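Right, one structure below, let's go through it.
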Amino acid sequence: MVSGLGTTFLWIGTVGMLLGLLAFVAMTASAREENKAFYYITALIPLIAVSMYFAMALAASNNGGFGVAKIDGHPFFYARYIDWVFTTPLLLLDIALIALPAGRGRFALIGTLIAADIYMILTGLIGGLTTGPAKYAWWGASCVAFALILYVIVTRLFAAARSQDAAVGGLVRTLGTVILVLWTAYPIVWLLGTEGLSLFGSDSLTVEIILYAILDVSAKVGFGFLLLSNRKALDRVGAGTLVASAAR
Ligand code: RET
């Protein structure tokens, strides 16, 4: 059973993602042609999230439905992982396309980041579906991939951003810091929530739903606003890298 407060936060997540989606689509209209790819990528993120939040909110409201299963006696929202397996690679694609100059090398790096990210989400899902202490082995495997992602962001993306124009470098540092801080909270919430040790007090599920909703809206809609409202940096990137790489 999901509490009334938990259900409310699933609906808040749905509305937050919907508003983000509408705002990003509206912002696309006035974007420069060469920058539009960033608007499409960034709008796709809340589109995916709003559909999965809608499924979870409906399932919680109706006591069953798509997106939730019973694992070890507690509701397990697998719809989160369908959301994350698509949206986290898109978030990484956004920052990597801005940070890395056009050229063949960047595709290898972006491919590695995305593969590590998909592995991170799928092993987290397997951990959530696993009962007994083996689940922490999956959590650990997921954390290894997460550490690799953070390592690439700090050593490669931040380094590449230093050799770019000041506006572009500043945007990469801001977006990278948002990822470093917000994404690190996910494995902690997983560990302390119902998928792990249930240490959030008498109603761990409600606390977990609230924390994920706040993190998800910030990591998608907040991140997207920081990105799409920095037109100066996008103009610098769009004029060069996307067009140059498409022509190769
Ligand atoms: C899991 C559990 C296992 C360990 C790790 C995890 C990391 C999840 C992350 C999720 C990020 C989600 C975002 C959603 C956007 O809205 C799968 C929770 C490391 C980093 C940014």
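The structure presented is a predicted model; accordingly, all values stated were derived computationally and were not measured. Atoms within a ligand are numbered from 1 in the order they appear, just like the ligands themselves.
The closest protein non-hydrogen atom to atom 21 (C) of ligand 1 is W183 NE1, 3.1 Å. The protein non-hydrogen atom at the shortest distance from atom 2 (C) of ligand 1 is W190 CD1, 3.4 Å. Considering only non-hydrogen protein atoms, atom 17 (C) of ligand 1 sits nearest to G124 CA, 3.9 Å. Scanning the protein for heavy atoms near atom 16 (O) of ligand 1, the closest one is K220 NZ, 2.4 Å. In terms of protein heavy atoms, atom 6 (C) of ligand 1 is closest to S142 OG, 3.8 Å.
The side chain of T88, and not its backbone, has at least one atom closer than 4.0 Å to an atom of ligand 1 (non-hydrogen atoms only; side chain from C-beta on).
Distances from atom 10 (C) of ligand 1 to the heavy atoms of Y212, Y186, F146 show the closest one on Y186.
Using a 4.5 Å cut-off between side-chain heavy atoms of Ile, Leu, Val, Met, Phe, Trp and Tyr, with links allowed through other members, I121 and Y119 fall into different hydrophobic clusters. No continuous path of hydrophobic side-chain contacts links M17 to L58 [ILVMFWY only; heavy atoms under 4.5 Å].
Of the listed residues (D117, V152, I110), just one forms a side-chain contact (heavy atoms from CB on, under 4.5 Å) with L92, and that residue is D117.
Taking each heavy atom of K135 and E195 in turn, the nearest pair found is NZ-O, 2.7 Å.
Residue contact check: W139 has heavy atoms under 4.0 Å from atoms 3 (C), 4 (C) of ligand 1.
Using a cut-off of 4.0 Å between Lys/Arg side-chain N and Asp/Glu carboxylate O, D165 and K232 are scored as not salt-bridged.
Aromatic ring centres of F225 and F24 lie closer together than 6.0 Å.
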